[in-house]
Amino acid sequence: MKRIALLKERQASAATGAPSTATGSHCPVSGLWSPDLDPHTVLSFFEGHVFPAFDGVPTVWRRRAAAAAPAR
C-alpha cells in the first residue's frame, strides 16, 4: 500500500529545494520532472510512480518548478 506523506513532511521537503531522485525510485511528490540527461524534456509523474530510465539509460530525475501562468 502506498504511504501518504503528511502535510508537514511535504512542506519540509519543499523548503529544502527541488528534490531529485534516481531511476527505479518512487516519485516523492506529483509534478513535472526532467531527466539530467536532457533537462529540456519535461514529463509529469504522480506521487508513488516508479521513475523509468530515459532513452534506455538510468538517470537522475529533478523536479521542475511550476511555470507561472501567462498574464492576460
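Not measured: the values here are computed from a predicted model.
Listed by chain and residue number, T21 satisfy the side chain to side chain donor-acceptor pair (under 3.5 Å) test with S25 (two or more places apart in sequence, or in another chain). Remark: S30 engages F46, E47 in a side-chain contact (heavy atoms from CB on, under 4.5 Å) (not counting sequence neighbours). Annotation: side chain to side chain donor-acceptor pair (under 3.5 Å) contacts of T23 (sequence neighbours excluded): none. With sequence neighbours excluded, the residues that form a side-chain contact (heavy atoms from CB on, under 4.5 Å) with S34 are V42, R64. With sequence neighbours excluded, the residues that form a ring-ring contact (aromatic ring centres under 6.0 Å, His included) with F51 are W33, F45, W61.
Between V57 and L37 the shortest side-chain heavy-atom distance falls below 4.5 Å.
For residues 29-40, the set of pairs meeting the salt bridge (Lys or Arg N to Asp or Glu O under 4.0 Å) definition, not counting sequence neighbours, comprises D36-R62.
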